[in-house]
Amino acid sequence: MSNIRIKGVDIYHPATSVDNQFYLDHFSKRGKNIERFLEHMGRGRRYIIDNDGENGLTMGITAAKRVLEKLELTGEEIDMIVFSTQVPETTFPANAMFIHDAIEADHDTIILDSNANCAGMTVAVEQASHYMKSNIHVNTALIVGSDYNSLISNPEDEITYANYGDAAAAVILEKTEEETGFIDAVYFTDSVNRDKIMYPGNGLSNMKQKEDSYIKWLPFDGDIAMPPTFAMLETILQRNNIPADEIKAYCFSQFSLANILKIQDELNIKDNQIIYVGDKFGYTGTSSPFLALHEGIETGRIQRGDHVLFWTIGAGYQLIAMLIKY
């Protein structure tokens with residue numbers, strides 16, 4: 001049976017980079033000192049769309065074109081396009097339709113949008129890998145993840161406004177007969193926080209323009225995700241007979257540096273195994289683990305044949321861990 005490997009990855013972010021001082025000043029005027037919050041989340045800078053010509057879809061299109069150019073592929077060679085986003089530019093038609101047009105894909109190309117919130121692009125890669133294995137006609141897939149987070153971040157709420165950044169990532173998956181590529185994935189879902197992070201805050205059927213312009217983020221205990229995270233990471237390593245110290249790179253959700261440090265301590269992971277980019281990109285949602293993957297490849301920290309372990313979390317909440325051999 002063919003294996004599914006990541007042939008290549010590329011990214012796009014807006015030109016404007018905003019540092020922590022902007023947000024410190026912004027919230028200071030509102031009587032809040034968020035310095036400790038920014039340190040806890042691991043923030044430094046983040047890229048923000050600040051013009052009318054860009055959005056989540058344009059970022060995704062640019063990332064898609066970049067990875068095709070890097071790999072010297074044409075749109076006609078892509079059998080499947082999956083666009084992962086939680087901030088779609090349109091719901092009719094699918095955003096993937098615009099990517100199909102932009103890269104001049106063929107008429108028999110499968111297209112769809114997917115949304116598993118911040119876990120979305122990792123889920124899309126995992127799901128597409130399984131689908132490619134079962135469909136003899138799909139040999140190459142383009143997976144794009146892009147979130148225009150600053151569009152719906154509440155200026156009165158530091159956890160979104162000061163934490164999020166805008167960026168996109170795109171990967172090409174291809175079939176190969178080599179012993180490489182996608183290996184395994186583990187999921188964990190607990191719907192206990194399903195009403196804590198919502199957009200629109202009251203649902204589409206009850207939208208009120210001013211009230212629902214931003215993400216509704218209610219307080220909840222984020223630490224409840226840590227025990228199942230530790231268990232699922234141990235499960236995926238044990239059932240594939242790979243010790244934690246033999247993973248070359250851990251590409252985790254960049255939502256919180258504090259969470260990464262907790263996982264690192266639990267699994268006794270070395271500093272050089274962790275790829276952290278949340279200090280320069282902020283939290284980019286669905287694309288964040290793949291920004292880390294791109295960083296690892298571009299800096300030479302990830303080479304062909306290395307094992308890479310992804311982990312990320314989606315609102316509500318859903319966890320996914322995915323193991324690949326790059």
Side-chain angles (χ1 to χ4, degrees), residues 36-44 116-123 125-126 145 159 163-165 169 182-190 192-193 196-197 220-297 299 301-302 306-326:
R36 287 186 63 186
F37 168 76
L38 293 174
E39 181 180 350
H40 179 86
M41 305 307 284
R43 297 297 165 248
N117 298 119
C118 296
M121 189 173 180
T122 310
V123 171
V125 168
E126 189 263 351
I159 202 163
N163 198 32
Y164 284 176
F182 173 80
I183 298 174
D184 196 7
V186 177
Y187 283 85
F188 178 90
T189 302
D190 186 340
V192 64
N193 290 328
K196 302 302 184 185
I197 306 173
F220 61 92
D221 180 12
D223 284 341
I224 64 171
M226 289 295 98
T229 292
F230 302 151
M232 67 196 299
L233 291 173
E234 289 173 0
T235 294
I236 200 168
L237 291 170
Q238 289 173 3
R239 75 186 188 188
N240 291 284
N241 300 310
I242 302 175
D245 60 4
E246 290 187 13
I247 297 294
K248 185 62 178 292
Y250 289 88
C251 295
F252 290 154
S253 164
Q254 307 290 297
F255 175 72
S256 166
L257 178 59
N259 284 345
I260 292 176
L261 295 176
K262 289 172 186 175
I263 300 171
Q264 183 178 4
D265 182 64
E266 179 71 20
L267 272 66
N268 295 314
I269 301 170
K270 299 181 180 68
D271 287 345
N272 63 6
Q273 293 176 276
I274 299 286
I275 300 181
Y276 183 68
V277 295
D279 54 344
K280 67 178 181 179
F281 288 103
Y283 183 54
T284 62
T286 194
S287 66
S288 80
F290 292 89
L291 297 182
L293 176 67
H294 179 263
E295 177 81 4
I297 295 170
T299 59
R301 293 173 62 184
I302 298 175
D306 288 340
H307 286 103
V308 180
L309 183 54
F310 295 81
W311 168 84
T312 189
I313 182 170
Y317 65 102
Q318 176 178 227
L319 308 172
I320 178 174
M322 180 176 71
L323 178 64
I324 70 164
K325 185 176 182 182
Y326 177 70

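Position 1 is the first residue of the sequence, and the numbers go up from there.
- Although no hydrogens or angles enter the test, the distance criterion places a donor-acceptor pair under 3.5 Å between the side chain of Q254 and the main chain of F252.
- One N or O on the side chain of S256 and one on the backbone of N259 form a donor-acceptor pair closer than 3.5 Å.
- Here the closest non-hydrogen pair linking Y187 and V123 is OH-CG1, 3.5 Å.
- When all heavy atoms are compared, the tightest approach of A321 to I236 is O-CD1, 3.6 Å.
- Of the candidates L319, T229, I320, I320 is the only one forming a side chain to side chain contact (heavy atoms under 4.5 Å, CB included) with T312.
- For I275 against A292, the heavy-atom pair with the smallest separation is CG2-O, 3.3 Å.
- Closest non-hydrogen pair, I260 versus I274, comes out as CG2-CG2, 3.8 Å.
- Distance alone, capped at 3.5 Å, is enough to place a donor-acceptor pair between the D190 side chain and the V192 backbone.
- Residues F220 and I197 are in side-chain contact: their nearest non-hydrogen atoms beyond the backbone lie under 4.5 Å apart.
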Intermediate values then yes/no, side-chain hydrogen bond (donor to acceptor under 3.5 Å, both in side chains), D245 and Q273 = CA-CA 8 Å; D245 60 4; Q273 293 176 276; over 6 Å; no
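- Put simply, CD1 on I247 and CG on L233 are 9.5 Å apart, with the number rounded to the nearest 0.5 Å.
- Panel note: side chain R43, backbone L38; no donor-acceptor pair is recorded below 3.5 Å.
- Legend: residues meeting salt bridge (charged side-chain N to carboxylate O under 4.0 Å, His left out) with K262, ordered by chain and number and at least two apart, are D223.
- The shortest heavy-atom contact between F255 and M41 is O-CE, 3.2 Å.
- Side-chain atoms of T286 do not come within 3.5 Å of backbone N or O of G145 as any donor-acceptor pair.
- Although no hydrogens or angles enter the test, the distance criterion places a donor-acceptor pair under 3.5 Å between the side chain of Y250 and the main chain of A244.
- Judged purely by atom type and a 3.5 angstrom limit, T235 uses its side chain to pair as donor or acceptor with the backbone of A231.
- Pairing each heavy atom of D279 with each of Y276, the nearest pair is N-CE2, 3.3 Å.
- In this structure, Y283 and Y164 have tilted ring planes: the angle between them lies in the 30° to 60° band.
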